[in-house]
Student: 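What follows is a single structure, and I will ask about it in a moment.
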There are 2 protein chains.
Amino acid sequence: MSRRSPTVQDSDLSARAKIREAALGLFGTSGFGVPLRTVAQAAGVSPGLVIHHFGSKDGLRAAVDESVLAVFLERFDALPKDLPADQLSRAMANVFSDVLGPNADIRQYLRRCLLDETPAGTTIFDEMVEATRRGLELLERAGGIRADSDPEWRPFQVLSIVLGPLLMEPVMQRHIGEPAYAPEVVRRRTSANLDVLSRGLFVSSAEKRG
Amino acid sequence: MSRRSPTVQDSDLSARAKIREAALGLFGTSGFGVPLRTVAQAAGVSPGLVIHHFGSKDGLRAAVDESVLAVFLERFDALPKDLPADQLSRAMANVFSDVLGPNADIRQYLRRCLLDETPAGTTIFDEMVEATRRGLELLERAGGIRADSDPEWRPFQVLSIVLGPLLMEPVMQRHIGEPAYAPEVVRRRTSANLDVLSRGLFVSSAEKRG
DNA sequence: TTCTATATTGAACAGTCATTCAACCACCGC
DNA sequence: GCGGTGGTTGAATGACTGTTCAATATAGAA
């Protein structure tokens, strides 16, 4: 029952991890303003222990940031380097749905990273932009993308459609009857998104006039 | 030099408005955690006056919320009720670009509304969803939308593409050289977005095989 | 066992916060 | 002039915050 595998950090076993996960949830739902005492209570430890393990409240935030970042980098690095273009984009989409889908805390924390602009938060989103751009370039070379599409905005358009539900989850929740990240809801939405990205939404003027 | 026009609220003339606008900017950039003293100083008044005018810090937040909400509702209500479908969707898009484009404070404040879920904030986004849904239905009846598109996700897909740059503005800023909401940048992006919504991004499989 | 290092506690401290309040000022009707 | 009403101030207050620290518990090494 000792340590099992040094997945993320060494000596990240019990209390330290409990504090970090409690902070992930509370920072996500209530923002960085939550009292350290509240985090400590949620983790079942004393306030002093939080400082002992993370040095300061900012240190705790940095640790939470890095743990979230690590989840994504780990998954990105695990992707096979030589996938054909269409499989690569699908594999990357799977990383997001696998990580985000079952983990509401990470979704909410990421949403907050958009505002607070901590180093790890910016890294996560910058990686997303660059990964999307690279994926689209691969796809373009394979002939999978319209030649007259705008390379400047393409990555952001794809990211907007993929990340939109993440950022607007509370809004979406109020308008659809079911949890926005329930597995089969994600499946339906992903399918609809792929459809829009493939064929558009509006009837093109050429089609209309012809 | 007395009151000019009762645009938003009565008796909303000088100090009260200055405090409200200072709070809009500071809450947007630094979050609701900014000290009341800082807001007062930015508005050039004493801390006590803020309480005198708004009752409490939460009262100030509510006032800011309502003022932002009012800007949008005012513009939505001003839209002609009997526009043809394609002009309606364009008119609504113009409301966003007109209000959001020149006003960085409102953009940042809206971004924060997405998280903090204040009443007015949820109203703004709910109105956006419903307005988009109505616009799409009108457009569909006019034959402007692909019949096989998914009515459940359509409004969110459009909103994601339109609002994505708003929510990801800091991310976008780091990847394109220029301000994400400079007028001609908005023009280019809007054009690219319309293109994606009209024709899609990927080469459809039918087109690929045929 | 004893020693040592680490984990853990909770009371105490110093700072900051929103809020209160008594006073002051400016203007307007009389 | 005079009274008063409302805008405005800034010091005082009490609650809450992150952090410190001396004390205690725990566990492994010698």
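A note on names: the letters A, B, ... follow the listed sequences, proteins ahead of strands, and every chain is numbered from 1.
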Student: Give a yes/no verdict on a cation-pi contact between Arg189(A) and Tyr181(A), requiring under 6.0 Å between NZ or CZ and the six-membered ring centre and an angle within 45° of the axis.
Tutor: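 Cation-pi check for Arg189(A) and Tyr181(A): passes.
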Student: Nearest to the side chain of Ile51(B), heavy atoms from C-beta on, is which of dT19(C), dT8(C), dG18(D)?
Tutor: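 Taking heavy atoms from C-beta onward, the closest nucleotide is dT19(C).
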Student: Gly48(A) or Pro47(B): which one's nearest nucleotide on DNA chain C is closer to the 5' end?
Tutor: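 Result: Gly48(A).
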Student: When the distance from CZ of Phe54(A) to C1' of dT8(C) is rounded to whole Å, what number comes out?
Tutor: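 Going from CZ in Phe54(A) over to C1' in dT8(C) covers 14 Å.
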Student: Rounded to whole Å, please give me the gap between CG in Asp58(B) and P in dT19(C).
Tutor: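 From Asp58(B) CG to dT19(C) P: 7 Å.
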Student: Using side chain to side chain donor-acceptor pair (under 3.5 Å) as the criterion, list what pairs up with Thr190(A), not counting sequence neighbours.
Tutor: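 By the side chain to side chain donor-acceptor pair (under 3.5 Å) rule, Thr190(A) matches no residue at all.
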Student: For Phe32(A) and His53(B), find the nucleotide of DNA chain D closest to each by heavy atoms; which residue's nucleotide sits nearer the 5' end?
Tutor: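 Here His53(B) is the residue nearer the 5' end.
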Student: Can you tell me which nucleotide in dT19(D), dT9(D), dT8(C) comes closest to the side chain of Leu49(B)?
Tutor: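 My answer, after comparing the listed nucleotides, is dT9(D).
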Student: Please report, rounded to the nearest Å, how far the C1' atom of dG7(D) is from the NZ atom of Lys18(B).
Tutor: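 From Lys18(B) NZ to dG7(D) C1': 12 Å.
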Student: If you look at every strand shown and take non-hydrogen atoms under 4.0 Å, does Val50(B) touch a base, only sugar-phosphate, or nothing?
Tutor: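 Touches nothing.
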Student: Side chain of Leu36(B): nearest nucleotide among dT9(D), dG10(C), dT19(C)?
Tutor: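 Nearest listed nucleotide: dT19(C).
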Student: When we call it a touch if two heavy atoms are under 4.0 Å apart, what does Val39(A) touch: a base, just sugar-phosphate, or nothing?
Tutor: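 Contact class for Val39(A): none.
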Student: If the plane angle is over 60° it's perpendicular, under 30° parallel, otherwise tilted; pick one for Phe96(B) and Phe76(B).
Tutor: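 Phe96(B) and Phe76(B): perpendicular rings.
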Student: Let me know the distance between CD of Gln41(B) and P of dA18(C), rounded to the nearest Å.
Tutor: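 Those two atoms, CD and P, are 13 Å apart.
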Student: Would you mind telling me which of dT19(C), dA12(C), dT9(D) lies closest to the side-chain atoms of Arg37(A)?
Tutor: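 Per side-chain heavy atoms of Arg37(A), the pick is dA12(C).
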Student: Tell me whether the guanidinium CZ or amine NZ of Arg61(A) lies under 6.0 angstrom from the six-membered ring centre of Phe32(A) and within 45° of its axis.
Tutor: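 Satisfied, under 6.0 Å and within 45°.
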Student: Please tell me if His52(A) has a side-chain N or O lying less than 4.0 Å from either OP1 or OP2 of dT8(C).
Tutor: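 Answer no for this pair, as no side-chain N or O of His52(A) is under 4.0 Å from OP1 or OP2.
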